[in-house]
Amino acid sequence: MRAWTLPTLLVLCGSGLAAALVFRGSAGAAAALLLWFVLLAGVNSPLVFPRSIGALEAQRRSAADGRPVVYWRPGCAYCLRLRTRLGRRARRAHWVDIWRDPEGAAVVRAANDGNETVPTVVVAGRPHTNPDPEWVREQLPGAV
């Protein structure tokens, strides 16, 4: 549920500010402001990331197909940067939301001295914390 906390707060704040602008007679500005907050909420929601799976399933699949496992969490600017820079290729990795999967959070803590630092990308069993998106792209199957 906490994955939706930030997006929900953004929509609520945007709605409150937009309502205040409507009462002041600025309906156009209110609509633009609300749209901005809704877009910001969408970008910070789990909706912009490929579907997450559990850490154990991601590890099993990665062992079978050699694809990287990306551990992430909603609201993380670095995770969003990685997701955005990978574009459509992001679907070629296995994504684990550490807020939804305790095993995934444990993997990240083990790789980062007890910290839940994301994105943590595991390639061939080796963790890489906040790697360069171009490097991650090179690790994906079919990378050019």
Side-chain angles (χ1 to χ4, degrees), residues 1-23 27 29-144:
M1 197 60 202
R2 70 179 166 177
W4 290 98
T5 301
L6 179 61
T8 302
L9 287 174
L10 287 168
V11 170
L12 290 174
C13 289
S15 298
L17 291 171
L21 285 173
V22 166
F23 287 127
L33 183 70
L34 183 58
L35 178 62
W36 173 251
F37 271 87
V38 167
L39 290 173
L40 194 58
V43 165
N44 284 287
S45 77
L47 297 175
V48 298
F49 288 88
R51 183 177 174 159
S52 288
I53 58 176
L56 298 176
E57 179 65 14
Q59 291 166 357
R60 185 190 67 74
R61 289 182 187 183
S62 179
D65 62 20
R67 295 178 181 199
V69 178
V70 180
Y71 295 91
W72 70 284
R73 67 170 173 76
C76 169
Y78 299 105
C79 298
L80 182 59
R81 174 179 157 256
L82 176 63
R83 167 61 185 99
T84 303
R85 299 273 302 276
L86 291 178
R88 286 190 221 164
R89 294 182 188 128
R91 289 184 234 143
R92 296 179 186 163
H94 303 293
W95 292 75
V96 177
D97 179 350
I98 67 167
W99 280 0
R100 289 187 176 189
D101 188 65
E103 290 87 10
V107 168
V108 170
R109 285 192 302 272
N112 295 295
D113 299 321
N115 298 310
E116 290 185 355
T117 308
V118 288
T120 296
V121 179
V122 176
V123 177
R126 291 197 53 210
H128 304 272
T129 304
N130 197 15
D132 181 82
E134 298 307 315
W135 179 83
V136 175
R137 183 180 293 156
E138 292 170 7
Q139 307 310 307
L140 297 171
V144 178

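Below, each value reflects all heavy atoms present in this structure, side chains not excepted, and no hydrogens, waters or symmetry copies. Since this is a predicted model, take the numbers as computed values, not measurements.
For the atom pair NE2 of His94 and CZ of Arg60, the computed distance is 9.0 Å after rounding to the nearest 0.5 Å. Atom-to-atom distance recorded for Asn112:CG and Thr120:OG1 is 4.0 Å, nearest 0.5 angstrom. A distance of 11.5 Å separates CG of Leu86 from CZ of Arg91, quoted to the nearest 0.5 Å. The structure places CG of Asp97 at 9.0 Å from SG of Cys79, a figure rounded to the nearest 0.5 Å.
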Derivation of the side chain to side chain contact (heavy atoms under 4.5 Å, CB included) call for Val107 and Gln59: CA-CA 10 Å; Val107 168; Gln59 291 166 357; 3.4 Å; yes
Residue pair Arg137, Arg89: steps toward the side chain to side chain contact (heavy atoms under 4.5 Å, CB included) verdict: CA-CA 7 Å; Arg137 183 180 293 156; Arg89 294 182 188 128; 2.6 Å; yes
Chi angles and distances behind the side chain to side chain contact (heavy atoms under 4.5 Å, CB included) call for Trp135, Val123: CA-CA 11 Å; Trp135 179 83; Val123 177; 3.7 Å; yes
Audit row: Val96, Val69, side chain to side chain contact (heavy atoms under 4.5 Å, CB included) steps and yes/no: CA-CA 7 Å; Val96 177; Val69 178; 3.9 Å; yes
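In this structure the side chain of Ile53 reaches within 4.5 angstrom of the side chain of Arg61, judged on heavy atoms. Counting heavy atoms from C-beta outward, Val108 and Val118 have side chains that approach closer than 4.5 Å. Residues Asn130 and Pro119 have side chains in contact (heavy-atom distance under 4.5 Å, counting atoms from C-beta outward). Residues Tyr71 and Pro127 fail the side-chain proximity criterion, which asks for heavy atoms closer than 4.5 Å. Between Trp95 and Arg83, some side-chain heavy-atom pair lies under the 4.5 Å cut-off. You'll find the side chain of Trp72 stays beyond 4.5 Å of the side chain of Leu82, heavy atoms only.
A donor-acceptor contact shorter than 3.5 Å links the side chain of Ser62 to the backbone of Arg67. Formation of a donor-acceptor pair under 3.5 Å by the Thr84 side chain with backbone atoms of Leu80 is found in this model.
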Which donor-acceptor pairs under 3.5 Å do the side chains of residues 8-15 make with protein atoms, sequence neighbours left out?
| from | atom 1 | to | atom 2 | distance (Å) |
| --- | --- | --- | --- | --- |
| Thr8 | OG1 | Trp4 | O | 2.6 |
| Ser15 | OG | Val11 | O | 2.8 |

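Other residues, nucleotides and ligands contribute only 12 or fewer heavy atoms inside 6.0 Å of the CZ atom of Arg100. Atom CZ of Arg85 is surrounded by more than 12 heavy atoms from other residues, nucleotides or ligands within 6.0 Å. Heavy-atom contacts from other residues, nucleotides or ligands closer than 6.0 Å to CH2 of Trp36 number 12 or fewer.
Here the shortest heavy-atom pairing between Arg126 and His128 reads O-CD2, 3.1 Å. Across Val121 and Pro131, no two heavy atoms sit closer than the pair CG2-CG, 3.6 Å.
Looking only at atom types and distance, the side chain of Asp101 has no donor-acceptor partner in the side chain of Ser52 under 3.5 Å away.
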